[in-house]
Amino acid sequence: MQYTRKRGVMQEKDLRICLLGDFRLLDGADACDEHLHSVHTARLQALLAYLVLHRQAPQARQHLAFLFWPDTSEAQALTNLRNLLHKLRQALPEPDCFLEANTQTVQWRADAPFTFDVADFERSLAQAPTCTTLAQAVQLYCGDLLPSCYDDWILPERERLRQAFLSALE
């Protein structure tokens, strides 16, 4: 499948990342079966989630290494991160469209051709609160943010989204 960036307009065949409820990686309307087996580990899903949730700014490799392997030496943590990034690049179709990396930082590309359920949920909540927009937001919330991930960084994000969902239900 060819991925192209067209002035921020989402294409029909864009990558879709779902982190609410069960992790899903969708290519257009179909699950990326050939890629899903590569993103089956919780650690790889967590790295993808972190990069997408923090896509506004480049993430320092040292920060990511410490965040994901806090009880490991810096050298080993950086090696682990390098290996995990390699697996993520293998899992993504045309990874250069999605990831920008150098020796110091890694970033999910702002102009990447993808949609993201968390962003859709937050966008629905940010619209003028009508019954329709709140119902859309409630429907988009398929469960907690990456419920299989127990890393410290995700817990506040998960709780923030859960509280937003509960407020929308009220």
Anything under 3.5 Å between a donor and an acceptor, one on a side chain of residues 163-170, the other on a protein residue two or more places apart or in another chain? List them.
from: Gln163; atom 1: NE2; to: Glu159; atom 2: OE2; distance (Å): 2.7
from: Ser167; atom 1: OG; to: Gln163; atom 2: O; distance (Å): 3.1

Hey, what do you get for [atom1] ([X]) to [atom2] ([Y]), rounding to the nearest 0.5 Å?
X	Y	atom1	atom2	answer
Asp144	Leu19	CG	CG	12.0 Å
His54	Gln56	NE2	CD	8.0 Å
Leu51	Gln59	CG	CD	7.0 Å

Given Cys149, which partner from the list Arg158, Glu157, Arg43, Gln45 fulfils the side chain to side chain contact (heavy atoms under 4.5 Å, CB included) test?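 It is Arg158; the other options fail the test.
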- Among Phe68, Phe66, Trp69, the one residue meeting side chain to side chain contact (heavy atoms under 4.5 Å, CB included) with Leu81: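 Answer after filtering Phe68, Phe66, Trp69: Trp69.
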Q: Take Gln62 and Glu74, measure what side chain to side chain contact (heavy atoms under 4.5 Å, CB included) needs, and give me the verdict at the end.
A: CA-CA 8 Å; Gln62 285 185 322; Glu74 182 179 350; 2.4 Å; yes
Flag if over 12 foreign heavy atoms under 6.0 Å of CD, Gln127:
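Counting neighbours around CD of Gln127, more than 12 heavy atoms of other residues, nucleotides or ligands fall under 6.0 Å, so yes.
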Asn83, CG atom: more than 12 neighbouring heavy atoms under 6.0 Å:
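Yes.
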Looking at Asp96 and Arg109, does any basic side-chain N land under 4.0 Å from a carboxylate oxygen?
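Salt bridge: no.
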- Can you list the steps and then say if Leu20 with Leu140 is a side chain to side chain contact (heavy atoms under 4.5 Å, CB included)? CA-CA 8 Å; Leu20 295 172; Leu140 287 167; 5.6 Å; no
Checklist entry - Between Tyr150 and Leu84, is there a shared hydrophobic cluster once you connect ILVMFWY residues whose side-chain heavy atoms come closer than 4.5 Å? => result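 Result: no, two separate clusters.
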Inset, instruction - Look at the rings of Trp108 and Phe98 and say which category their plane angle falls in: under 30° parallel, 30 to 60° tilted, over 60° perpendicular. - result: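 Tilted, since the angle between the ring planes falls between 30° and 60°.
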